[in-house]
2 protein chains.
Amino acid sequence: MSRRSRQREAIIAVLKSTDIHPDAGWIYEQVRKVIPSISLGTVYRNLKKLKEEGLVREIKVTSGLSRYDMVRESHYHFRCEVCGRVYNLDQSLVDRSVEEVVARKTGFRVTGHDIEFRGICSSCQKIEMKGEKGEQP
Amino acid sequence: MSRRSRQREAIIAVLKSTDIHPDAGWIYEQVRKVIPSISLGTVYRNLKKLKEEGLVREIKVTSGLSRYDMVRESHYHFRCEVCGRVYNLDQSLVDRSVEEVVARKTGFRVTGHDIEFRGICSSCQKIEMKGEKGEQP
DNA sequence: ATGCTTGCAAAACATTTGCACGCAC
DNA sequence: GTGCGTGCAAATGTTTTGCAAGCAT
């Protein structure tokens, strides 16, 4: 398997400590507080390894850079189109049988699926309402 | 609205002619057969515009570069983990009510969703079986 | 001792952008 | 004529990689 290293452990610690789905740069900045000498290349290298080992998942949201998170229970994502935040949603919202439906219809072997919902999160809806004050003269 | 141009029309034509979900480079090569002087920058600029106008959709598959396709009926995607091909799936496979479920549970305004299924497509399953011949000594 | 992992810096890539010119309106 | 779209090339931003040295096994 993989060898241990302070850098690798620190990256895992950072990922475990948050659920904001950070990108590589943010992870780099966090780890730098503990290991100032770490390089961005090392962060990318470790993320790649961790992905291969199945410990970390890379998500590409419709616009923006790659984001990473620890694989806990698998979950869906909701991306706010206003603030760009990515929220977790409980996977149980959707019946797992969708995979069987797809497998039956296509003959493909289905090993997983992800759903990305789009829309406006609650805090941006509030801001939106404030902003609309007086826009109807 | 947008102004017409040979380049723009050619890009649309290429996108209409295929369903392989090409990336910008492939589109560029295709258009070049008709307009050899077109630049990659123009392809990107047009794709961006077409996206804003809602004519084209950009999909980011879990690994690889951005891919583009004309918005016809909306559909899901299946990405083969072996060959990397992206297939279209009929959106009617999954009940649209998932959006309502999410909206009710979160209080977010949900304006859309995408599903990416993963697995092994039928042609890669065949190859896989061939390749396994004799691997069990 | 062996060889995986690191830091550094350069490279590779995808995508965007500034500019002067040309074409659509 | 106005100003949007283009080609070109340079810039930007992200991710990858070659190398020599260091550390885990």
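The sequence lines fix the lettering, A, B, ..., with proteins before strands; numbering per chain opens at 1. All of these numbers come straight from a predicted model, not from anything done at the bench.
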Can you check whether any acceptor in the base of D:dG18 is under 3.5 Å from a donor in the side chain of A:R45, or vice versa? yes
d([atom1], [X]; [atom2], [N]) in whole Å:
X	N	atom1	atom2	value
B:L40	C:dA12	CG	C1'	15 Å
A:K48	D:dT14	NZ	P	18 Å
B:R6	D:dC4	CZ	P	22 Å
A:L47	C:dT5	CG	P	14 Å
A:E52	C:dT5	CD	P	11 Å
A:R3	D:dG22	CZ	P	16 Å
A:I38	D:dC23	CD1	P	15 Å
A:E9	C:dT6	CD	P	10 Å

Output yes when B:E9 and B:R6 qualify as a salt bridge under the 4.0 Å nitrogen-oxygen rule, no when they do not. no
**Asked** Quick one: does A:Q125's side chain have a donor or acceptor within less than 3.5 Å of a partner on A:I120's backbone?
**Response** yes
Is [X] near enough to [N] that one of its side-chain N or O atoms lies under 4.0 angstrom from OP1 or OP2?
X	N	answer
B:K49	D:dC4	no
B:S37	D:dG7	yes
B:Q7	C:dC23	no
B:Y44	C:dT15	yes
B:S66	C:dA14	no

Nucleotide of [options] approaching [X] most closely (side-chain heavy atoms):
X	options	answer
A:T42	C:dT5, D:dT6, C:dG7	C:dG7
A:S2	D:dT15, C:dT6, C:dT5	C:dT5
A:R4	C:dT5, D:dT6, D:dT25	D:dT25
A:S5	C:dT5, C:dT15, D:dG7	C:dT5

**Prompt:** Hey, are A:Y87 and A:H75 close enough side-chain-wise for a donor-acceptor pair under 3.5 Å?
**Reply:** no
Exercise for the section: Give the cluster check for A:V34 versus A:L50: same hydrophobic cluster or not, with ILVMFWY residues linked at side-chain heavy-atom distances below 4.5 Å. Expected result: yes
Mind checking if A:D23 touches a base, just sugar-phosphate, or nothing, with heavy atoms under 4.0 Å? nothing
### Task
Might you work through the side chain to side chain contact (heavy atoms under 4.5 Å, CB included) test for A:R118 and B:E99, ending with a clear yes or no?
CA-CA 9 Å; A:R118 292 180 291 285; B:E99 290 187 9; 6.0 Å; no
